[in-house]
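Here is the structure we will look at.
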Amino acid sequence: MPELPEVEALKDFLAEHLAGHQVVRVLPVAISVLKTYDPPVTALEGHEVTAVARHGKFLDIGTDGGLHLVTHLARAGWLQWRDRLPDGPPRPGGRSPLALRVALETGAGFDLTEAGTQKRLAVYVVRDPQEVPGVAGLGPDPLADGFDEARLAELLAGERRRIKGALRDQSLIAGVGNAYSDEILHAAGMSPFKLAASLTPEEIRRLHEALRTTLTEAVERSRGLAAGRLKSEKKSGLRVHGRTGEPCPVCGDTIREVSFSDSSLQYCPTCQTGGRPLADRRLSRLLK
């Protein structure tokens, strides 16, 4: 799933390639991706793109007509830029991952695609991004200037759940998902099962530093890359997530995994849990 760094890089890429250009066609191929119907997507046609913004994991393309095309790529969605779109309209149906196409007056544009059978890609056309429930419910952005240690401590106070789940909660902190929560906790030397409300001031300091540093470095690695290269860049930059069985780059211990019904987490026992493995079952807890 694209998370804050990849969506931030996509925002920068689209701002460079879309701003000042006119949308001439918006072609929905998979109607299921459209989550709003008034205004229709065709209302974007004929308008110039004025800005591109990011809200957590949401992309927001603003136009001079006052309308916004807001997209959430979900787990298997992606944006594919094309310097020259194919001639003719795309064909709906079949096994094509294509969900929506946006064409500019230059002949360039982008496709929104989604792989797999679970269709969660979401597209909204709204007059205000706050009309999108997922945007309206977002917590603060962890890269915002005002997101300091005190703000993080305030957010986690009273959170009687594991810190891994708290970091992934978009209503608590916007933009962090499964992969970067693993990376942040590894950098902080913290167990993913530690209760969020139990963090000491020193642990809050370490977590805040790891949160800001991990995300900032990931954004910098992605900055300036073409949209098509962002996925591979994300994977190459991860130190523990998706690397079960590999040596930890910090201490050399074997990276381990805990699997759940719809996701998994990776961690280093030596760096994060005092050398103790976490039980790999649905209701995992520290082995005693």
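Hydrogens, waters and symmetry mates play no part in the numbers below; they use all other heavy atoms, side chains included.
Without hydrogens or angle criteria, Arg54 side chain to Gly56 main chain gives a donor-acceptor distance under 3.5 Å. Although no hydrogens or angles enter the test, the distance criterion places a donor-acceptor pair under 3.5 Å between the side chain of Tyr267 and the main chain of Leu278. Judged by distance alone, the side chain of Arg206 and the main-chain N or O of Ala188 form a donor-acceptor pair under 3.5 Å. Here the side chain of Ser236 pairs a donor or acceptor atom with the backbone of Glu233 at under 3.5 angstrom. A donor-acceptor pair under 3.5 Å is absent between the side-chain atoms of His208 and the main chain of Ile204, judged by distance alone. A donor-acceptor contact shorter than 3.5 Å is absent between the side chain of Glu159 and the backbone of Ala166. Checked by atom type and distance alone, the side chain of Glu203 pairs as donor or acceptor with a backbone atom of Thr200 at under 3.5 Å. No donor-acceptor distance shorter than 3.5 angstrom exists from the side chain of Thr214 to the backbone of Leu211, with no hydrogens or angles considered.
Note that the CG atom of Asp253 and the SG atom of Cys271 stand 7.5 Å from one another [nearest 0.5 Å]. Between Thr36 atom OG1 and Leu34 atom CG the span is 7.0 Å, to the nearest 0.5 Å. Remark: Leu100 CG to Leu112 CG distance equals 5.5 Å, nearest 0.5 Å. Between the CD atom of Glu114 and the CG atom of Leu98 there is a distance of 11.5 Å, given to the nearest 0.5 Å. Rounded to the nearest 0.5 angstrom, Ile173 CD1 and Asp141 CG are separated by 10.0 Å. Within the model, atoms OG of Ser263 and NZ of Lys164 stand 7.0 Å from one another, a figure rounded to the nearest 0.5 Å.
At a threshold of 4.0 Å, the pair Arg151-Glu154 counts as salt-bridged, since one of the basic side-chain nitrogens sits closer than that to a carboxylate oxygen. Electrostatic pairing of Arg223 and Glu8 does not count as a salt bridge here, judged by no charged N lying under 4.0 Å from a carboxylate O. The pair Arg127-Glu131 does not meet the salt-bridge criterion, since no charged nitrogen lies less than 4.0 angstrom from a carboxylate oxygen. Salt bridge absent: Asp60 and Lys11 never bring a charged side-chain N and a carboxylate O closer than 4.0 Å.
When all heavy atoms of Ser181 and Val176 are compared, the pair lying nearest together is N-CG1, 3.7 Å. Minimum interatomic distance between Arg256 and Pro277 (heavy atoms only, all atoms of both residues): NH1-CB, 3.5 Å. Of all non-hydrogen atoms in Arg84 and Thr106, the two that sit nearest each other are NH1-O, 3.7 Å. Residues Leu85 and Ala108 share a closest heavy-atom pair of CD1-O, 3.7 Å. The minimum heavy-atom distance between Thr113 and Leu121, with the atom names listed, is O-CD2, 4.1 Å. Of all heavy-atom pairs spanning Pro140 and Phe147, the tightest one is CG-CE1, 4.0 Å.
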Practice problem: Under the side-chain contact (heavy atoms from CB on, under 4.5 Å) rule, what do Met190 and Gln272 come out as? Steps first, then yes or no, please. | Solution: CA-CA 5 Å; Met190 190 172 296; Gln272 296 176 252; 5.7 Å; no
Exercise. Could you please spell out the steps behind the side-chain contact (heavy atoms from CB on, under 4.5 Å) verdict for Trp81 and Leu14?
Key: CA-CA 9 Å; Trp81 177 263; Leu14 290 177; 4.3 Å; yes
Self-check item: Test log, rule side-chain contact (heavy atoms from CB on, under 4.5 Å), inputs Val132 and Phe58
Solution: CA-CA 10 Å; Val132 177; Phe58 289 83; 3.9 Å; yes
Self-check item: side-chain contact (heavy atoms from CB on, under 4.5 Å) assessment of Cys268 paired with His186
Solution: CA-CA 7 Å; Cys268 170; His186 179 255; 3.8 Å; yes
Exercise. Let me see the working for Ser32 and Lys119 under side-chain hydrogen bond (donor to acceptor under 3.5 Å, both in side chains), right down to the final yes or no.
Key: CA-CA 8 Å; Ser32 61; Lys119 302 302 183 183; over 6 Å; no
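Residues Leu104 and Leu67 are members of one and the same hydrophobic cluster, defined by side-chain heavy-atom contacts under 4.5 angstrom among Ile, Leu, Val, Met, Phe, Trp and Tyr. Placement of Ile255 and Val258 in two distinct hydrophobic clusters is found when ILVMFWY residues are connected by side-chain heavy-atom separations under 4.5 Å, directly or transitively. In the hydrophobic clustering of this structure, Leu156 groups with Leu215; members are Ile, Leu, Val, Met, Phe, Trp, Tyr whose side-chain heavy atoms approach within less than 4.5 Å, directly or through other members. Hydrophobic clustering of Ile, Leu, Val, Met, Phe, Trp and Tyr side chains at less than 4.5 Å, counting indirect connections, keeps Val219 apart from Val7. Residues Val123 and Val70 fall into different hydrophobic clusters, defined by Ile, Leu, Val, Met, Phe, Trp and Tyr side chains chained together at heavy-atom separations under 4.5 Å.
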Show every donor-acceptor pair shorter than 3.5 Å between a side-chain atom in residues 238-251 and any protein atom, with sequence neighbours excluded, or say none if there are none.
| unit_1 | atom_1 | unit_2 | atom_2 | d |
| --- | --- | --- | --- | --- |
| His241 | ND1 | Asp182 | OD2 | 2.8 |
| His241 | ND1 | Gln266 | OE1 | 3.1 |
| Arg243 | NE | Leu238 | O | 2.5 |
| Arg243 | NH2 | Lys235 | O | 2.8 |
| Arg243 | NH2 | Leu238 | O | 3.3 |
| Thr244 | OG1 | Glu257 | OE1 | 2.7 |

Residues 41-51, side-chain donor-acceptor partners within the protein, below 3.5 Å, at least two apart:
| unit_1 | atom_1 | unit_2 | atom_2 | d |
| --- | --- | --- | --- | --- |
| Glu45 | OE2 | Val26 | N | 3.0 |
| His47 | ND1 | Asp64 | OD1 | 3.2 |
| Thr50 | OG1 | Gly62 | O | 3.4 |

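Contact annotation: the side chain of Leu195 never approaches that of Ile163 to less than 4.5 Å [non-hydrogen atoms, C-beta and beyond]. Within the 4.5 Å cutoff, the side chain of Phe193 has heavy atoms near those of the Leu265 side chain. Ser222 is not listed as a side-chain neighbour of Lys234, based on a closest heavy-atom distance of 4.5 Å or more. You'll find the side chain of Phe110 stays beyond 4.5 Å of the side chain of Leu10, heavy atoms only. Side chains of Asp128 and His68 form no contact here, defined as non-hydrogen atoms less than 4.5 Å apart. Using a 4.5 Å heavy-atom threshold, the side chains of Pro2 and Trp78 count as touching. The shortest distance between side-chain heavy atoms of Lys57 and Leu4 does not fall below 4.5 Å. Val102 places none of its side-chain heavy atoms less than 4.5 Å from the side chain of Arg25.
By the salt bridge (charged side-chain N to carboxylate O under 4.0 Å, His left out) test, Arg82 pairs with Asp111, sequence neighbours left out.
Of the residues Glu3, Glu6, Arg168, the one that meets the side chain to side chain donor-acceptor pair (under 3.5 Å) test with Tyr180 is Glu6.
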